[in-house]
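Let me begin by presenting the structure, written as structure tokens, before commenting on it.
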Amino acid sequence: MTFRFAVISDPHIALPLTIKHHSHRFHLVEVSIPAFEQAIDHLKQLELDFLLLPGDLTQDGERENHQWLIKKLKTLPFPTYVIPGNHDVLTPISTTESLGLIDFPTYYQPFGYDQPNRPYYTQKILENVQLIGLNSNQFNSEGKQLGYVDETQLRWLDDSLSQFSDQLILVMIHHNVIEHLPNQATHELGKRYMVDNAPQLLAILKKHGVKLILTGHLHVQDIINDNDIYEITTGSLVSYPHPYRVIEVETHHSAKIKCNIQSYNIKNVPDFANLSEISRDWLGDRSFPFMMRLLTSSPLNLSEEVALQFAPKLRNFWADIAEGDNSFDFPDFPDSVRQYFQAFGVNHTDGMPHHGDNQATLMIDSVLGKGLE
């Protein structure tokens with residue numbers, strides 16, 4: 001069996017009247033609608049089986065932005081499945097201006113949700129292929145938004161997966177489950193992009209032989225493996241390099257699953273003829289405060305005086321991470337600082353860089369039954 005699907009993550013749809021201008025905003029929401037339309041026009045030519053949108057569908061949960069996207073998705077020639085990101089549901093209860101988590105499944109009922117009061121779901125999307133759409137947006141008693149999968153959802157997941165032992169399972173969730181950056185789960189700047197109870201969630205997925213997780217949120221192109229589970233995180237459509245992915249899956253009689261992953265970038269849209277250059281500079285122009293925090297935080301703990309010397313040289317560091325498949329070396333940095341930043345680069349095998357964040361072929365061992373042959 002062979003099928004093909006696409007992933008567009010973090011499109012942050014923003015109608016012009018809803019755009020908020022913040023000097024520290026990393027993503028270029030001004031291009032959200034033309035970039036999304038351009039990506040969709042391309043995908044319509046590819047005979048896709050379905051499209052996945054793993055969260056941050058809108059700028060900040062604005063009702064009109066959700067409504068624009070829903071109207072657009074209803075016109076597509078292939079099924080589309082969505083989940084909420086942290087930007088889509090800023091509160092548990094809806095307000096006059098924005099959508100709350102409680103109403104998200106009703107709004108997006110045509111795109112995966114089978115129960116109006118449950119923000120997670122499972123759908124049979126092809127013969128012997130099951131999609132699990134999880135919700136990683138929770139709120140504490142003070143209304144603060146958190147990233148984790150609640151106990152009720154974990155029990156439901158465990159029970160649901162036990163029913164699909166002979167099927168290929170795709171799990172879609174907004175927050176990262178596996179670390180894509182060094183010590184991401186514990187670093188003060190990285191942990192907010194991860195599911196707080198990732199080990200508990202991973203244990204359930206491993207128990208049931210799940211092999212593929214699709215995430216967003218981090219705005220980087222990266223593919224990582226943890227004990228035979230691959231997590232494919234896709235960068236934001238409104239942030240450099242404006243990527244989206246097409247994934248073709250082949251199942252084989254040898255109990256192998258072959259995933260061919262191809263990434264594409266939006267390079268220009270109306271009014272942004274050189275979008276790649278503009279958005280890379282956009283990130284660089286806003287990088288200094290972030291780099292200062294990174295340099296002065298654990299484990300480097302540099303003094304502000306020393307950090308001020310290094311931060312300008314890291315102007316394009318985050319853009320290069322977001323792009324994927326890059327190596328890093330800052331030979332004029334002290335050894336400990338130099339090694340720290342080298343760890344963010346691609347892995348090396350036999351002294352050669354192993355590129356696989358954008359274009360990759362994964363051969364995945366399968367524990368599936370004969371239903372996929």
Side-chain angles (χ1 to χ4, degrees), residues 7-12 21-32 34-35 38-39 56 59 87 176 179-182 184 187 189-190 192-193 215-224 232-245 263-269 271-297 300 307-333 337-338 340-347 353-360:
V7 181
I8 297 178
S9 193
D10 299 67
H12 288 272
H21 298 282
H22 300 302
S23 60
H24 61 277
R25 170 163 53 84
F26 272 23
H27 43 293
L28 197 62
V29 296
E30 288 79 358
V31 305
S32 61
Q38 185 180 136
D56 278 0
Q59 177 182 225
H87 277 264
N176 301 156
E179 290 182 321
H180 293 271
L181 304 173
Q184 184 183 345
H187 196 282
L189 298 180
R192 71 187 184 95
Y193 295 97
T215 67
H217 194 32
L218 190 59
H219 290 206
V220 307
Q221 290 285 95
D222 195 65
I223 301 173
I224 196 73
I232 303 168
T233 193
T234 300
S236 170
L237 197 64
V238 295
S239 187
Y240 181 81
H242 306 276
Y244 57 100
R245 298 188 190 270
S263 297
Y264 300 89
N265 300 326
I266 303 294
K267 297 186 181 298
N268 56 76
V269 297
D271 299 325
F272 293 84
N274 54 341
L275 178 60
S276 295
E277 180 180 343
I278 291 171
S279 62
R280 185 175 174 83
D281 285 342
W282 178 279
L283 278 179
D285 291 344
R286 288 157 176 76
S287 68
F288 184 79
F290 179 82
M291 292 306 155
M292 286 296 294
R293 289 184 63 191
L294 185 63
L295 289 163
T296 57
S297 299
L300 292 178
L308 283 169
Q309 301 175 33
F310 299 144
K313 299 177 183 180
L314 295 166
R315 182 180 188 275
N316 292 317
F317 178 68
W318 187 253
D320 288 337
I321 289 178
E323 187 176 34
D325 294 317
N326 279 309
S327 298
F328 300 100
D329 191 17
F330 299 92
D332 54 339
F333 285 9
V337 181
R338 180 183 183 183
Y340 175 77
F341 286 106
Q342 284 176 332
F344 285 84
V346 298
N347 293 325
H354 175 69
H355 300 290
D357 294 330
N358 288 286
Q359 327 302 336

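For the single chain, residues carry numbers from 1 onward in sequence order. Both backbone and side-chain heavy atoms feed into the values below; hydrogens, waters and symmetry mates do not.
Side-chain contact between R25 and H12 is absent, with no heavy-atom pair separated by less than 4.5 Å. By the 4.5 Å heavy-atom criterion applied to side chains, V238 and F26 are not counted as neighbours. At least one side-chain heavy atom of F341 sits less than 4.5 Å from a side-chain heavy atom of L295. For the pair H21 and E30, the minimum side-chain heavy-atom distance is below 4.5 Å. Under the 4.5 Å side-chain criterion, counting only non-hydrogen atoms from C-beta, H27 is not in contact with D10. In this structure, L294 and H187 have side chains that are in contact, with non-hydrogen atoms separated by less than 4.5 Å.
The number of heavy-atom neighbours closer than 6.0 Å to CZ of R338, taken from other residues, nucleotides and ligands shown, is above 12. The environment of CG in D329 is crowded: more than 12 heavy-atom neighbours from other residues, nucleotides or ligands sit within 6.0 Å.
The distance from atom CE of M291 to atom CG of L308, rounded to the nearest 0.5 Å, is 14.5 Å. Taking CZ of R192 as the reference point, atom CD of Q184 lies at 11.0 Å (rounded to 0.5 Å). To the nearest 0.5 Å, atoms CZ (R245) and CD (Q359) are separated by 8.5 Å. Expressed to the nearest 0.5 Å, how far CG of L275 lies from CD1 of I266 amounts to 8.0 Å. In this structure, the separation between NE2 on H180 and OG1 on T233 is 5.0 Å, given to the nearest 0.5 Å. For the atom pair CG of L283 and OH of Y240, the computed distance is 9.0 Å after rounding to the nearest 0.5 Å.
Scanning both residues, D357 and I223, for their nearest heavy atoms gives OD1-N, 3.4 Å. Contact record, A360 with G356: CB-O, 3.6 Å, taken as the closest heavy-atom pair. Nearest heavy atom pair, residue S263 against residue N358, reads OG-O, 2.7 Å. S236 and P243 get closest at one heavy-atom pair: O-CD, 3.1 Å. Closest of all the heavy-atom pairs between P241 and A322 is CD-O, 3.7 Å. Contact detail for G216 and S9: the closest heavy-atom pair is CA-OG, 3.2 Å.
Checked against side chain to side chain donor-acceptor pair (under 3.5 Å), R286 has no partners two or more places apart in sequence or in another chain. In this view, S239 satisfies the side chain to side chain donor-acceptor pair (under 3.5 Å) rule with no residue, not counting sequence neighbours.
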Contacts table for residues 312-320: side-chain donor-acceptor under 3.5 angstrom, sequence neighbours left out:
| unit_1 | atom_1 | unit_2 | atom_2 | d |
| --- | --- | --- | --- | --- |
| K313 | NZ | D332 | OD2 | 2.7 |
| R315 | NH2 | D285 | OD1 | 2.3 |
| D320 | OD1 | R280 | NH1 | 3.0 |
| D320 | OD1 | R280 | NH2 | 2.8 |

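The aromatic rings of F330 and F333 sit parallel to each other, their planes meeting at less than 30°, with 60° as the upper class boundary.
Between the side chains of Q59 and S32, no donor-acceptor pair of N or O atoms lies under 3.5 Å.
Put simply, the side chain of H219 never gets that close to the backbone of G235: no donor and acceptor are under 3.5 Å apart.
L181 pairs in a side chain to side chain contact (heavy atoms under 4.5 Å, CB included) with only one of the listed residues (I224, L218, D222, V220), which is L218.
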